[in-house]
Structure formats: C-alpha cells, structure tokens
There are 2 protein chains.
Amino acid sequence: MRKLPAKLASQLYGAAELIAERGLDGTKIDDIAEVTGILKATIYYHLDGKNGVLAFLLSDLLDLIAGEVGVAISSAEDARTRLEAAVAAQLGVMVEHPFLCRALVGDLGRATRLPELAVALRTAFYEPIEQLLSEGVADGSLRQVADPGAVAMSVFGAITVAGSAPRSRDPQRIQLRTRLAARRRSAS
Amino acid sequence: MRKLPAKLASQLYGAAELIAERGLDGTKIDDIAEVTGILKATIYYHLDGKNGVLAFLLSDLLDLIAGEVGVAISSAEDARTRLEAAVAAQLGVMVEHPFLCRALVGDLGRATRLPELAVALRTAFYEPIEQLLSEGVADGSLRQVADPGAVAMSVFGAITVAGSAPRSRDPQRIQLRTRLAARRRSAS
DNA sequence: CCATAGTTTGTACTATGAGTACAACATAGG
DNA sequence: CCTATGTTGTACTCATAGTACAAACTATGG
C-alpha cells in the first residue's frame with residue numbers, strides 16, 4: 001500500500017480539491033474515481049478506501065512539511081529565530097497547497113484518528129515546536145511557558161486555520177512572516 | 001426545528017461525547033438514539049438528521065460563546081484589554097465544554113458547510129476579534145495588521161485546537177490567561 | 001370532560017454508496 | 001515467452017441514512 005506508482009499518485013491529487021470543498025464524506029469514491037481518472041477497483045487495489053486516499057494525500061503533505069521544517073530548524077541561529085523559521089516553513093507549505101490544507105483542517109478529526117496521520121502530524125508540527133520552545137528556554141531566546149504542548153497546539157491551530165482560508169490574491173505572491181506569540185498559561 | 005423541547009435538548013447533549021470521540025460520520029444515528037434515549041423517529045421529527053444534531057449542539061455552544069464575548073467586549077477598557085478578555089471568554093467556554101469543542105474542531109469542515117453554523121461561527125469568533133482589532137488601532141492600544149481577517153482566523157484556530165486538547169487535569173481548576181500575539185503579515 | 005393539535009413510538013420500508021469478488025486483460029522484467 | 005504485478009469492468013453485498021405511516025400518548029383551551 002505504501003508504494004503507489006508515481007502516475008497514480010499524481011492523478012490522485014486531482015481529488016484534493018473535491019475533498020477540500022465537500023469534505024471526505026461529501027465526496028463519493030466514484031467521484032474520486034471519475035475526477036482522477038482512476039478506476040474504483042484500482043483505488044481499492046492500492047489504497048484502503050476513502051480513508052486511504054486521505055491518508056495518502058495528507059501523508060505526502062505532512063512529509064513535505066516535516067522536511068521543510070527540518071531544514072528551517074537546523075540553522076545556527078538562536079531558538080527563537082529558528083522557531084520563527086519553522087512556523088514560516090509550515091505556513092509556507094500550507095499556502096502552497098491550499099486544497100490539501102483545507103482537506104486537513106476540514107477533516108482534522110478523521111485525520112487524527114488515522115494512526116499514520118496522527119504520527120505525521122506530531123512529526124511535522126508538534127514535535128519541532130515543542131523542541132524549539134525548550135531550546136529557547138535553554139539559550140535564553142524564549143521565555144518559559146507553563147504548558148508547551150498547549151502552545152504547540154495553538155500554533156498548529158493558528159497556522160492550519162489561517163492557512164486554509166480561501167485566498168483571493170495569488171498565493172505565490174504572498175510572503176509570510178510571523179512574529180511569534182508569547183502565550184502564557186497559568187494554573188490557579 | 002428551532003423550538004426543541006428542553007427535555008430532548010438536554011438528552012441530546014449525551015451524544016456530544018460520542019461525536020467528539022468518533023466524529024459525526026463514525027457515529028450512527030442509531031447510536032445517537034440509543035445513547036440519548038431518544039427514538040430515531042423522534043430525532044427526525046425535530047431535527048434534520050445527523051447534521052441537524054450537530055447543528056443543534058454547536059449552535060448552542062456558539063450562542064453561549066457569543067454571549068460571553070459580548071459581555072467581555074462591552075467594558076470601558078481599551079481595545080487591547082477587551083481583546084484579551086474576549087479571547088479568554090472564548091477559551092473559557094471551550095474548556096467548559098470539551099466534548100462540544102472537540103466535535104467542532106474535529107468536524108470543522110462540516111460545521112462551516114452548515115449555513116447556520118457558519119454564521120454563528122462568524123458571530124462568536126471572527127467578528128468580535130476583527131472589530132476589536134480595528135478599535136485597537138483607533139485607540140492606539142493595538143498596532144495595525146495587514147490582514148485582520150487572517151489574524152482573526154489564526155486566533156480562532158489557536159483557541160479551538162488548544163481548547164480541544166484532551167485534558168488530564170480537572171478543567172475547572174485551570175485558569176487561563178492569554179497575552180496576545182502580535183502577529184504581522186506583509187505582502188512582498 | 002372533550003376535542004384537537006402536537007408529539008412520541010415502533011416498525012417496516014427505500015435508497016445510496018462503501019467496499020468486495022472475480023475474471024479478463026495488459027505489460028514489463030527475467 | 002512466462003510470470004509477476006498491476007489494471008479494468010462489472011456485478012455483486014451490506015451497512016446505514018433517511019422516510020412512511022399508523023397507533024398511542026399528552027397537554028391545552030373551550
């Protein structure tokens with residue numbers, strides 16, 4: 001199931017817009033077959049149904065993000081700067097793949113319920129952020145927060161929801177820069 | 001469809017956990033009937049199917065949030081302070097209703113595709129934030145941002161995703177305070 | 001106390017769409 | 001040329017969302 005031939009893979013991307021628009025459940029497997037030009041039987045030969053289609057598309061997206069983030073955080077800058085770079089990388093990939101991004105946000109519950117995607121989400125989003133948060137405390141470039149996990153989730157939410165906005169201007173032309181939120185949480 | 005009797009309404013809330021856990025599509029209408037103790041036929045008598053159930057539950061949540069936010073933003077403080085209060089109010093309601101919050105986030109795509117919910121989301125989340133953002137520029141308590149809509153979406157994403165985290169500690173005992181993100185976006 | 005409108009129940013039904021089965025066909029690599 | 005692997009088409013099954021409807025129940029105002 002993992003070694004989907006390149007041709008089919010590229011055809012499958014044709015389903016992203018459909019899924020983004022209608023949600024996975026509003027999208028019939030026959031529609032996917034029709035719009036991608038892949039026969040239903042072929043889809044089922046390679047993938048595990050609709051969930052498999054979603055998992056395939058989003059795995060790819062998340063791998064891409066994980067890669068870009070990996071590059072962004074491996075510079076020699078201080079943690080705060082790298083954190084900004086990581087977020088910019090995440091946002092950048094989302095903006096370049098608006099349909100996949102919207103599919104992810106719109107079916108986030110389902111995505112997190114698919115084990116492969118849950119792991120990929122952690123790798124691409126949560127782990128690097130939490131990592132940098134703690135490095136930032138160590139090198140003094142970021143202040144300590146009470147609940148780094150919650151901060152990482154907030155950042156993830158902010159990026160994905162904002163990144164999935166329908167965009168009027170040409171996405172290629174928008175350069176995004178972020179100044180990072182200081183977000184504190186205290187228990188009483 | 002709008003005047004659901006109080007007893008049924010309260011029973012229906014019993015379905016929130018199920019929907020939060022499995023997503024609306026992983027939840028059979030017969031399961032909802034069973035767990036709430038309402039007969040399927042009765043559900044269909046009042047509501048428009050599964051979507052109707054979700055719409056009812058989330059409408060209630062969003063109305064509650066809209067109310068709390070309304071209180072929070074009507075003080076005499078400067079816009080920045082009221083913005084913090086508004087976000088705290090949104091987060092507070094989410095934390096008090098973890099299942100509904102998770103249902104919302106997990107089925108966000110579907111929620112935004114239901115017209116009533118799309119409107120309620122705007123009213124409870126986007127509009128007050130955008131409003132305060134612009135008032136903050138006017139009274140000098142907040143700096144201008146290039147795309148207030150995107151900021152509002154980021155805030156929404158951060159709140160809902162963070163608010164829907166499974167929480168180990170007793171939610172009642174967690175006091176949340178936020179210092180607001182300065183988030184800038186520039187077009188090249 | 002009755003009539004009536006609105007609500008609830010139970011059951012049996014239809015319709016849709018996900019997923020399966022499978023046989024025939026295609027194609028590439030050894 | 002033989003065999004693995006992949007592709008096609010078609011014809012199923014099966015689960016479940018939603019509908020139909022008649023009978024029973026309930027509240028309310030006349």
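- Of all nucleotides listed (C:dT8, D:dT8, C:dG10), D:dT8 comes nearest to the side chain of A:Thr42.
- Atom CG in A:Leu8 sits roughly 17 Å away from atom P in D:dT5 (whole-Å rounding).
- Of the charged side-chain nitrogens involved, none lies within less than 4.0 Å of a carboxylate oxygen, so that B:Lys28 and B:Glu34 do not count as a salt-bridged pair.
- The nucleotide whose nearest atom lies closest to any side-chain atom of A:Tyr44 is, among D:dT7, D:dA17, C:dG19, C:dG19.
- In this structure, CG of A:Asp30 is placed 14 Å from C1' of C:dT20, rounded to the nearest angstrom.
- The pair A:Asp31-A:Arg22 counts as a salt bridge, with a side-chain nitrogen and a carboxylate oxygen less than 4.0 angstrom apart.
- Going from atom CD1 of B:Ile43 over to atom C1' of C:dG10 covers 14 Å, rounded to whole Å.
- Between the CD atom of A:Glu34 and the C1' atom of C:dG17 there is a distance of 15 Å, rounded to whole Å.
- For A:Tyr45 and D:dG6, the shortest distance from a side-chain N or O to OP1 or OP2 is below 4.0 Å.
- Of the candidate nucleotides D:dT7, D:dA20, D:dG9, D:dA20 has the atom nearest to the side chain of B:Ala41.
- D:dA24: glycosidic angle beyond 90° from 0, hence anti.
- Taken from CZ in A:Arg143 to CG in A:Leu133, the straight-line distance is 11.0 Å, to the nearest 0.5 Å.
- For C:dG19, the base has a donor-acceptor partner in the side chain of A:Lys40 [N/O atoms by modelled type, under 3.5 angstrom].
- Between the CG atom of B:Asn51 and the C1' atom of D:dT16 there is a distance of 15 Å, rounded to whole Å.
- Closest approach to the B:Lys28 side chain among C:dT8, C:dG19, D:dA17 is made by D:dA17 (side chain taken as heavy atoms from C-beta onward).
- Residue B:Ile29 contributes atom CD1, which lies 17 Å from atom P of C:dG10 at whole-angstrom precision.
- Without hydrogens or angle criteria, A:Lys50 side chain to A:Leu24 main chain gives a donor-acceptor distance under 3.5 Å.
- Picking from C:dA18, D:dT7, D:dA17 the nucleotide with the shortest atom distance to the side chain of A:His46 gives D:dT7.
- Atom CG of A:Asp48 and atom C1' of C:dG19 are 10 Å apart (whole Å).
- Taking a pair to require two hydrogen-bonding distances under 3.5 Å in either a Watson-Crick or a G-U wobble arrangement, C:dT27 remains unpaired.
- Between B:Arg102 and B:Glu21 there is a salt bridge, with a side-chain nitrogen of the basic residue lying less than 4.0 Å from a carboxylate oxygen of the acidic one.
- Across all strands shown, D:dA4 forms no Watson-Crick or G-U wobble pair with both distances under 3.5 Å.
- Distance, A:Arg22 CZ to C:dG17 P: 11 Å, rounded to whole Å.
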